[in-house]
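Below: the structure, in structure tokens.
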Amino acid sequence: MLPLARWVMRGTPHAAGAAALAALVPWLFWFSAAVAALVTLRRGLAPALPVIVAAALPTGWWWVQGDTIPLASLLLVTLMAVVLRARMRWSEALIAGTLVAAALVQFGTFLPPGGAGPLLEQLRQSSTEVSGMLDQLSAQGVATEQLAVLLIGGITGLIVTLAAVVCLALARSWQAGLYNPGGFRTEFHALRLQGRELLLLVVLAVIGALLAVPALPMLGWIPLLVSGVALVHGLVGLKGMNGLWLVAFYVLLLTTWPMILIVLLLGCLDTFADFRARLARSQ
């Protein structure tokens, strides 16, 4: 895809046209967001505004049609690109994106028109099993509509945040491929949360649990997950291992919950142990 990125960076009209055309297709929103992020990373927010607006117009139309993911992903990846360009730290960009995504979830941005009530009613009418399960939950004192709001918002927020992270990584890899070969690999392999950043995530999760702001603990683990993934990439790179190890890692990560917990734990431990530095010194 690097030749396509090179064509996009020939000028603002090329970038804006590519972003707008990709945004017209719902399942190509990631390419549109990545193009906007690439221009933002390379040139800054102000020069990238025409590209962002060109991508926002079609995704805004999809938002009106009920699909909030494309526009939310575009806005989130743009924010993270601005932070990454200014601060040159992936961890800060990830934390900023996570906080904004949590705010969107908490404000009900991702709920369908009319809220969760009509959706629950449709589910009741479409399946007697679902209706029975909802009745059972209600009999146990569970507020089913509130639970639905939490699940819909949380899952959509999770999808948007992860999509924005992937788009940012794609844009950064394009930028490195065009202007700094090998730079993205070095940068991503070095990604690691600092102690104060991990403490901030823990404090925010606790505050969210105490103040009934569930979006914070629901999404607050994403920066830690990405740092754990970066740790695995870094260790594989330092050891010169075959790329198939990364393929197996991602298969396990996407199919098993215990692997996600292991990666989170590794990311947490790496904050204090810095496994990559230890391995580099031992070689």
Side-chain angles (χ1 to χ4, degrees), residues 15-16 18-41 45 48-86 90-116 118-119 148-172 174 201 204-205 208 213-226 254:
L21 287 175
L24 288 172
V25 183
W27 289 106
L28 283 180
F29 74 90
W30 56 270
F31 182 81
S32 177
V35 168
L38 172 61
V39 179
T40 303
L41 287 169
L45 179 61
L49 279 177
V51 181
I52 297 170
V53 171
L57 291 176
T59 54
W61 185 82
W62 287 116
W63 183 297
V64 173
Q65 301 303 309
D67 188 358
T68 58
I69 292 178
L71 181 58
S73 300
L74 171 67
L75 298 178
L76 206 58
V77 75
T78 301
L79 167 70
M80 291 195 292
V82 170
V83 175
L84 182 57
R85 173 183 167 85
W90 266 88
S91 55
E92 295 184 11
L94 292 170
I95 292 172
T98 298
L99 291 177
V100 173
L104 293 175
V105 172
Q106 201 62 39
F107 293 146
T109 306
F110 301 124
L111 292 179
L119 179 61
V149 167
L150 184 62
L151 289 176
I152 294 171
I155 292 173
T156 308
L158 177 63
I159 293 172
V160 166
T161 308
L162 292 178
V165 171
V166 172
C167 289
L168 182 63
L170 180 60
R172 195 64 159 175
W174 287 345
L201 292 175
L204 289 174
V213 186
L216 286 174
M218 287 181 69
L219 301 181
W221 53 273
I222 292 178
L224 189 59
L225 177 69
V226 178
L254 295 173

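The structure presented is a predicted model; accordingly, all values stated were derived computationally and were not measured.
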[X] side, atom [atom1]; [Y] side, atom [atom2] - distance, nearest 0.5 Å:
{"X": "Leu219", "Y": "Thr161", "atom1": "CG", "atom2": "OG1", "result": "5.0 Å"}
{"X": "Ile222", "Y": "Ile95", "atom1": "CD1", "atom2": "CD1", "result": "12.0 Å"}
{"X": "Leu162", "Y": "Ser73", "atom1": "CG", "atom2": "OG", "result": "10.0 Å"}
{"X": "Leu150", "Y": "Gln106", "atom1": "CG", "atom2": "CD", "result": "8.5 Å"}
{"X": "Leu71", "Y": "Trp61", "atom1": "CG", "atom2": "CH2", "result": "13.5 Å"}
{"X": "Leu79", "Y": "Leu74", "atom1": "CG", "atom2": "CG", "result": "11.5 Å"}

Does the side chain of [X] reach to within under 4.5 Å of the side chain of [Y], using non-hydrogen atoms?
{"X": "Met218", "Y": "Val105", "value": "no"}
{"X": "Val25", "Y": "Phe31", "value": "no"}
{"X": "Leu76", "Y": "Val165", "value": "no"}
{"X": "Leu99", "Y": "Leu204", "value": "yes"}
{"X": "Ile69", "Y": "Thr156", "value": "yes"}
{"X": "Leu45", "Y": "Thr78", "value": "yes"}

What are the two closest non-hydrogen atoms of [X] and [Y], and how far apart are they?
{"X": "Ala33", "Y": "Cys167", "result": "CB-SG, 3.9 Å"}
{"X": "Ala22", "Y": "Leu28", "result": "O-CB, 3.4 Å"}
{"X": "Val213", "Y": "Pro217", "result": "O-CD, 3.3 Å"}
{"X": "Leu216", "Y": "Ala102", "result": "CD2-CB, 3.9 Å"}
{"X": "Met80", "Y": "Ala93", "result": "CG-O, 3.2 Å"}
{"X": "Ala164", "Y": "Val77", "result": "O-CG2, 3.4 Å"}

Please walk me through it: do Val82 and Thr40 pass side chain to side chain contact (heavy atoms under 4.5 Å, CB included)?
-> CA-CA 7 Å; Val82 170; Thr40 303; 3.7 Å; yes
Evaluation steps, side chain to side chain contact (heavy atoms under 4.5 Å, CB included), between Val51 and Val35 = CA-CA 8 Å; Val51 181; Val35 168; 4.1 Å; yes
For Trp62 and Ala23, indicate whether the former's side chain and the latter's backbone hold a donor-acceptor pair under 3.5 Å.
->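 Checking the backbone N and O of Ala23 against the side chain of Trp62, a donor-acceptor pair under 3.5 Å is found.
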Going through the distances and angles, do Leu41 and Trp174 end up as a side chain to side chain contact (heavy atoms under 4.5 Å, CB included)?
-> CA-CA 10 Å; Leu41 287 169; Trp174 287 345; over 6 Å; no
Would you check if the distance from the ring center of Trp63 to the ring center of Phe29 is below 6.0 Å?
->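 No: the rings miss the under 6.0 Å criterion.
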